[in-house]
Amino acid sequence: MFGDNQIFAAPLAGITDQPFRRVIRQFSPYAPLVTEMISCHSLVGQHKNCVRNFDNYANEGNVGAQIFGADVGLMADAARILQDAGAKWIDINMGCPVPKVATRAGAGAHLMRDHKLAEQIMRAVVCAVQIPVSVKTRLGWDDEHRDWGELIKIAADCGVQFAALHGRTRAQLYLGEAVHPDVRDMPIPIIANGDIKSVSDVEQMEKLGYCGVMIGRGILGRPWLLSELQGGEKPKNVGEIVLQHLDYVVEYYGERAGVPMFRKHAAWYSAGMPNSSDFRIKVNRIDSASLLKVAIREFWGII
Ligand SMILES: Cc1cc2nc3c(=O)[nH]c(=O)nc-3n(C[C@H](O)[C@H](O)[C@H](O)COP(=O)(O)O)c2cc1C
């Protein structure tokens, strides 16, 4: 069974922000958590509208900061800034398939097509920081180019310490089932990612030579999942956790921005429960934190 530093929370843009990481942390004090992807341009340019550009990770424990971009110098600068902000390691995004990142910015999954640029970025980032550097990538660009092994060997040569491998190609986006190749021959530790949700999935990954697993969508509405995969109990006081998560979101973003952002979390927490669709409809009409708390208390029966 993997140890508590081998079950990672995946980077999820718009989701694994500081408030959500704070909630996950309560269940998994040592788990490696990855931030949402951070643009090297917005970070180095200190864009004021991007609140997460100013996060301080020093008190967050084992947190890796994920950067994306195609500019070698800015990626190195971004890595330095995040190291100074207390990140425990830097992760380079080499798998994001969305057109804004992979096509227009030439970053994310595009780096799987341009190994030369990928290599320059990895070398520059590794040189820029004293903390470990990892990459997160996919099986390849499409079915004809499943060259993940080659990219991982280049990464190892650049001094990258480990890689997370999402078992899909860029062309698959998030469709179809993830396939996890045997990685026992790889020169650096590989973390399995994609559709891993149960203890038996985790055990299967161990057999294939992975050194850990990374969970993405499984943690939506279940911030305790990483701990559950290691034998922890599902909490009984879910409503209290939802209230606390809301408090963290409001503290971080303010009420006006935070309440609308919290709606998706409320929907995930309530998924599959009786009357959850009525709850979702109600929550989507609420703009104030105090009314949202009343609705949450009512739904989870908290007096
Ligand atoms: C809403 C959403 C946001 C994501 N954001 C990121 C991101 O910022 N960086 C990244 O490397 N991957 C991102 N991913 C991909 C996930 O980290 C993960 O690789 C993918 O969801 C497969 O794992 P899963 O089946 O456990 O969810 C995102 C996926 C989703 C669904």
Side-chain polar contacts of residues 275-282 - donor-acceptor pairs under 3.5 angstrom, sequence neighbours left out - could you list them?
from : atom 1 : to   : atom 2 : distance (Å)
S276 : OG     : M273 : O      : 3.2
K282 : NZ     : E298 : OE1    : 2.8

- prompt: Of the options D91, T16, T35, which is the one that meets Q66 in a side chain to side chain donor-acceptor pair (under 3.5 Å)?
  reply: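 The side chain to side chain donor-acceptor pair (under 3.5 Å) with Q66 is passed solely by D91 among D91, T16, T35.
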
- prompt: Taking it one step at a time, do R256 and D287 satisfy salt bridge (Lys or Arg N to Asp or Glu O under 4.0 Å)?
  reply: CA-CA 7 Å; R256 206 179 147 147; D287 289 318; over 6 Å; no

Would a distance-only check, ignoring hydrogens and angles, find a side-chain to backbone donor-acceptor pair under 3.5 Å from [X] to [Y]?
X	Y	answer
R138	G95	yes
K234	W224	no
R170	P97	yes
T169	Q172	yes
N237	E240	no
E228	E233	no
D157	K153	no
R80	V129	no

- prompt: Using 4.0 Å as the upper bound for N to carboxylate O, is an ion pair formed by E119 and R123?
  reply: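 Looking at R123 and E119, the cut-off is met.
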
Heavy-atom closest contact ([X] atom, [Y] atom, distance):
X	Y	value
S42	C50	OG-SG, 4.2 Å
S288	I286	O-CG2, 3.3 Å
A65	L82	CB-CD1, 3.7 Å
I24	A9	CD1-CB, 4.4 Å
G194	H166	CA-CD2, 3.9 Å
F20	I15	CB-O, 3.2 Å

Are [X] and [Y] packed together at the side-chain level, in the sense that at least one heavy-atom pair is separated by less than 4.5 angstrom?
X	Y	value
I215	K197	no
M112	T137	yes
H115	D147	yes
L139	P181	yes
Q83	Q130	yes
M122	V133	no
Y252	R52	yes
K136	P11	yes

List in chain and number order the residues that pass side-chain hydrogen bond (donor to acceptor under 3.5 Å, both in side chains) with [X], two or more places apart in sequence or in another chain; answer none if no residue qualifies.
X	answer
Y269	H245
Q18	none
H145	D142
R146	D143

If hydrophobic clusters are built from ILVMFWY residues whose side chains come within less than 4.5 Å, do [X] and [Y] share one?
X	Y	result
L291	V250	yes
V199	L226	yes
M1	I190	yes
V213	L208	yes
Y248	I302	yes

- request: Take I7 and Y30 through the side-chain contact (heavy atoms from CB on, under 4.5 Å) test and state the conclusion after the steps.
  value: CA-CA 9 Å; I7 302 198; Y30 306 107; over 6 Å; no

To the nearest 0.5 Å, what is the distance between [atom1] on [X] and [atom2] on [Y]?
X	Y	atom1	atom2	answer
L229	R222	CG	CZ	8.5 Å
C40	D71	SG	CG	6.0 Å
I38	H47	CD1	NE2	13.5 Å

- request: Please step through side-chain contact (heavy atoms from CB on, under 4.5 Å) for the pair V63 and R25, ending with a clear verdict.
  value: CA-CA 10 Å; V63 167; R25 215 12 116 224; 4.0 Å; yes

Side-chain cluster (under 4.5 Å, hydrophobic types only) that [X] belongs to, other residues:
X	answer
M214	F8, V34, W89, F162, I191
F54	none
V98	M37, F68, V101

field: Intermediate values then yes/no, side-chain contact (heavy atoms from CB on, under 4.5 Å), F27 and I241
entry: CA-CA 11 Å; F27 300 99; I241 294 159; 3.5 Å; yes

query: Taking only residues at least two apart or on different chains, which pairs with a member in residues 12-23 satisfy salt bridge (Lys or Arg N to Asp or Glu O under 4.0 Å)?
result: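 Qualifying pairs: R21-D55, R21-E60, R22-E251.
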
message: Would V125 and V72 count as a side-chain contact (heavy atoms from CB on, under 4.5 Å) here? Give the steps.
response: CA-CA 8 Å; V125 171; V72 177; over 6 Å; no

message: Could you tell me if E206 and Y210 have a donor-acceptor pair between their side chains, going purely by distance under 3.5 Å?
response: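 Distance-only check fails for Y210 and E206.
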
- request: May I have all residue pairs that pass side chain to side chain donor-acceptor pair (under 3.5 Å) and include part of residues 173-182, sequence neighbours excluded?
  value: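 Of all non-adjacent pairs touching residues 173-182, those that pass side chain to side chain donor-acceptor pair (under 3.5 Å) are D182-R184.
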
field: Partner residues of E150 under the salt bridge (Lys or Arg N to Asp or Glu O under 4.0 Å) criterion, sequence neighbours left out
entry: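 Salt bridge (Lys or Arg N to Asp or Glu O under 4.0 Å) list for E150, sorted by chain: empty.
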
Partners meeting salt bridge (Lys or Arg N to Asp or Glu O under 4.0 Å) with R217 (sequence neighbours left out):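 Per chain and number, R217 pairs via salt bridge (Lys or Arg N to Asp or Glu O under 4.0 Å) with D195.
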
